[in-house]
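Below: the structure, in structure tokens.
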Amino acid sequence: MVKVGNLSGVVEDIRLRVLLLRDLSGNLHIIPHGNISEVTNMTHSFSYYLFDYGIAYKEDIEKVIEVIKQVAEELSQDPNYKDDILEPVEILGLERFEDSAVVIRGRIKTKPIRQWRVGRELNLRVKKR
């Protein structure tokens, strides 16, 4: 999974003069090598799922952080997800202030390409909690 300019997707083929990149919607982008100035490999060795959770100002931030850590720990013990998660969740801290929420940023390290699967389940479980 790579990002080339403003396009991202799975590299399907590298030919003599072009790169074939399939995006999430299934579109196949044919990119001439001469148009490639920068490539970001999004799945080399490991990946991170980066999350921002908006929390109401009235909530206890430390308690919310503890809940996120508990939910992530439970997820890492789940047989359907434990092999995809490489390290415990990392809470990076209070990211910013918004009109109706403070935003907590964190990330979880996963196997390559598994970050979105793990992240969606983490989001679902945090929301339920």
Side-chain angles (χ1 to χ4, degrees):
M1 183 71 128
V2 300
K3 185 173 181 180
V4 178
N6 61 353
L7 300 171
S8 63
V10 174
V11 175
E12 286 205 348
D13 197 7
I14 300 174
R15 297 186 180 165
L16 185 60
R17 295 191 175 141
V18 297
L19 171 76
L20 302 180
L21 187 69
R22 177 91 49 190
D23 69 18
L24 189 59
S25 298
N27 300 312
L28 182 65
H29 301 275
I30 302 166
I31 307 168
H33 292 306
N35 292 357
I36 300 173
S37 62
E38 180 179 315
V39 176
T40 303
N41 186 335
M42 300 164 59
T43 56
H44 185 271
S45 302
F46 63 88
S47 296
Y48 279 111
Y49 179 74
L50 184 67
F51 59 83
D52 288 336
Y53 293 142
I55 309 300
Y57 277 92
K58 65 179 179 142
E59 299 300 330
D60 180 344
I61 299 296
E62 286 80 19
K63 184 176 179 183
V64 171
I65 289 172
E66 191 55 39
V67 167
I68 295 168
K69 288 179 179 179
Q70 289 171 358
V71 170
E73 177 59 28
E74 291 167 9
L75 183 61
S76 71
Q77 300 303 315
D78 185 316
N80 295 317
Y81 295 92
K82 69 178 184 175
D83 293 336
D84 292 336
I85 299 172
L86 300 177
E87 292 180 3
V89 70
E90 180 181 3
I91 303 299
L92 302 173
L94 183 58
E95 179 65 17
R96 66 185 174 277
F97 296 96
E98 294 186 349
D99 290 340
S100 61
V102 293
V103 177
I104 296 172
R105 175 166 282 183
R107 65 185 185 175
I108 191 163
K109 189 174 184 180
T110 69
K111 288 184 177 176
I113 303 181
R114 307 308 277 174
Q115 70 268 33
W116 297 292
R117 175 180 186 270
V118 169
R120 288 185 186 103
E121 185 65 19
L122 178 66
N123 289 342
L124 178 67
R125 292 180 186 207
V126 167
K127 169 65 172 112
K128 285 181 177 180
R129 184 72 57 92

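Any value given below was found using the heavy atoms of this structure, including those in side chains, with hydrogens, waters and symmetry copies removed. This chain uses plain numbering: 1 for the first residue, then up along the sequence.
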Quick one: sort the F51 and Y53 rings into parallel, tilted or perpendicular, breaks at 30° and 60°. parallel
Do we see a donor-acceptor contact under 3.5 Å between the side chains of E73 and Q77? yes
Is a side-chain N or O of S47 found less than 3.5 angstrom from the main chain of R114, in a donor-acceptor match? no
Atom CZ of R105 and atom CZ of R96: how far apart are they, to the nearest 0.5 Å? 6.0 Å
Is there a chain of hydrophobic side chains (I, L, V, M, F, W, Y, each step under 4.5 Å between heavy atoms) that links V118 to M42? no
CG/L19 to CG/L7 distance, rounded to the nearest 0.5 angstrom? 10.0 Å
Under a 4.0 Å threshold between the charged nitrogen and the carboxylate oxygen, would D84 count as salt-bridged to K111? no
Roughly how far, to the nearest 0.5 Å, is CD of Q115 from CZ of R107? 12.5 Å
When you measure from the side chain of E59 to the backbone N and O of Y57, does any donor-acceptor pair fall under 3.5 Å? no
I'd like to know whether R125 forms a salt bridge (Lys or Arg N to Asp or Glu O under 4.0 Å) with E121, so could you lay out the CA-CA distance, the side-chain angles of the two residues, the decisive distance to 0.1 Å, and finally the verdict. CA-CA 6 Å; R125 292 180 186 207; E121 185 65 19; 2.8 Å; yes
Could you check whether atom NZ of K69 has more than 12 heavy atoms from other residues, nucleotides or ligands sitting under 6.0 Å from it? no
To the nearest 0.5 Å, how far apart are CD1 in I55 and CD in E98? 11.0 Å
Side chains of V11 and L20: closer than 4.5 Å at any heavy-atom pair? no
Is there a path from I91 to I108 through hydrophobic residues (I, L, V, M, F, W, Y) whose side chains come within less than 4.5 Å of each other? yes
Does one hydrophobic cluster hold both V64 and F97, with members joined at side-chain heavy-atom distances below 4.5 Å? yes
Return the CD to CG distance between E95 and L50, rounded to the nearest 0.5 Å. 8.0 Å
Under a 3.5 Å distance rule, please check whether T43 uses its side chain to pair with a backbone N or O of P112 as donor and acceptor. no
Please determine whether residues Y48 and V71 belong to a single hydrophobic cluster, defined as Ile, Leu, Val, Met, Phe, Trp and Tyr linked transitively by side-chain heavy-atom distances below 4.5 Å. no
Could you list all the side-chain hydrogen bond (donor to acceptor under 3.5 Å, both in side chains) pairs where at least one residue sits in residues 16-27, not counting sequence neighbours? E12-R22, D23-N27, D23-H29
State yes or no: do I14 and M1 share one hydrophobic cluster built from I, L, V, M, F, W and Y residues joined by side-chain heavy-atom distances below 4.5 Å, directly or via other members? no
For N41 and H44, work out which heavy atoms get closest and say how close. OD1-N, 3.2 Å
Interatomic distance, T110 atom OG1 to D83 atom CG [nearest 0.5 angstrom]: 12.5 Å
